[in-house]
There are 2 protein chains.
Amino acid sequence: MHIAREDAIVSAVNRLLAEKGFEAMTVDEVAAEVGIAKASLYKHFPSKEDLAAAAMVRVMDRARAFLDTLDAQRPPLEQLREVARWTMAVQLAGEMPSLPSENSSLRAALTTNKAYVDGLMDVSDRLGAWITAAQADGSLNSALPPIAVLYTLYARACDPVLGFLKGAGLYSNEQIIDMVLSTCFDGLRKR
Amino acid sequence: MHIAREDAIVSAVNRLLAEKGFEAMTVDEVAAEVGIAKASLYKHFPSKEDLAAAAMVRVMDRARAFLDTLDAQRPPLEQLREVARWTMAVQLAGEMPSLPSENSSLRAALTTNKAYVDGLMDVSDRLGAWITAAQADGSLNSALPPIAVLYTLYARACDPVLGFLKGAGLYSNEQIIDMVLSTCFDGLRKR
DNA sequence: GTCTATAAGTGGATAGAC
DNA sequence: GTCTATCCACTTATAGAC
């Protein structure tokens, strides 16, 4: 009923955000995709920003659920690689919302959304633990500040290289992910 | 006179595109920054897309001019590294237009703009030659298709990691560029 | 809660005088 | 070529009936 409908709304928002981004997505489209009137949407979510925030909260929840499935016994660098693989798979599946990274009304709305911020903090803490562990065991470059590693991993979720390579039409999704994983962890230089 | 004014227009467009992106930039803002009426703008450029295309053509010209300054005697991998460094410096200086990479009216306008396409092809050809040379001399990972390397380098021009690290406020522009250069060419894994 | 209808505002583009 | 003034399509958001 109520929850199911809001779930359908968030699904539509998530898909449209992945396809066109926040600015190009219109509330009319969301309502049309859900099959309800626009005014009804606003009974569930008070603004377009809140719609996008709800989609981001869901993605963050999906990420945390994925982290829960990982085998805690495996080496930390492997965990990080699996996380990067997952984010790229989500993006290639057309399920990763694409948001403006700066100077937007959406940024302010997101930073004041407790559910989103809490989720982001949780994910960052878990990744941060693996990063420091991987640097301690010598598998990750210790010259890089952990924050730079964290951002580099987050950036895989919106890497335009995935879309470019997909557009080239020469490689499967798995090949694309493997190539970008290679550039991310092994670098362009020959090992 | 005419040329100087159009140059001022393109400069304003370039700055606003770097600051806010194509969709968030309004033609009113461009006119206000140049100090002329909006209708006058449209005497010089027939559409907002053409404004952005002109900015992209200028960036492409700047890139080609930079390529001309490189010492052709140096190893190809060094050339590629210098190109990546340059694109990141331009971005950090707030002079790199940020455009939607897909599904936009702008994409169509750009692909039919001969000056832009020619410039892009020229740059791609020059980078492509260095890429294959670097793979031949063993300095660049030969398992990666050259197109994947090319896109990876292009992506440095719009890498959100630069802005994230700048926002952290802990590092200088030079440090940020060196870190991202390291992750790009050497990878996250320990060497 | 859902709907139709519309308010309120914005942005790209243009008409027409000078 | 530049200006003022305006048009028109579109978008977010809301009012009010059911």
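Model, not experiment: these values are computed from the prediction. Each chain gets a letter, A, B and so on, in the order the sequences are listed, and its residues count up from 1.
- For the pair A:D50 CG and D:dT14 P, the computed distance is 11 Å after rounding to whole Å.
- Among residue pairs with one or both ends in residues 56-112 of chain A, those qualifying as ring-ring contact (aromatic ring centres under 6.0 Å, His included) are A:F66-A:W86; sequence neighbours excluded.
- Going from atom CD of A:E49 over to atom P of D:dT12 covers 9 Å, rounded to whole Å.
- Put simply, CG on A:L16 is 16 Å from C1' on D:dT12, counting in whole angstrom units.
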Point to revise | Residues B:L80, B:F185; criterion side chain to side chain contact (heavy atoms under 4.5 Å, CB included); working and verdict | key: CA-CA 10 Å; B:L80 297 175; B:F185 283 90; 4.3 Å; yes

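- Rounded to whole Å, atom P of C:dT10 lies 13 Å from atom NZ of B:K20.
- Protein atom CE of B:M25 is 18 Å distant from nucleotide atom P of C:dT10, rounded to whole Å.
- Distance CG (B:L51) to P (C:dG11): 15 Å, rounded to an integer number of Å.
- Taking atom NZ on A:K48 and atom P on C:dT10, their separation rounds to 15 Å, with Å as the unit.
- Within the model, atoms CG of A:L144 and CD of A:Q135 stand 7.0 Å from one another, a figure rounded to the nearest 0.5 Å.
- At a non-hydrogen distance threshold of 4.0 Å, A:K38, A:A39, A:Y42 from residues 37-46 of chain A come into contact with DNA chain D.
- No hydrogens or angles considered: nothing links the side chains of A:D28 and A:T26 as a donor-acceptor pair under 3.5 Å.
- A salt bridge does not link A:R58 with A:D61: every distance from a Lys NZ or Arg NE/NH1/NH2 to an Asp or Glu carboxylate oxygen is 4.0 Å or more.
- Note on B:R126 versus B:D122: salt bridge recorded, some NZ/NE/NH1/NH2 to OD/OE distance being below 4.0 Å.
- For the pair B:D28 CG and D:dT6 P, the interatomic distance rounds to 16 Å; values are reported in whole Å.
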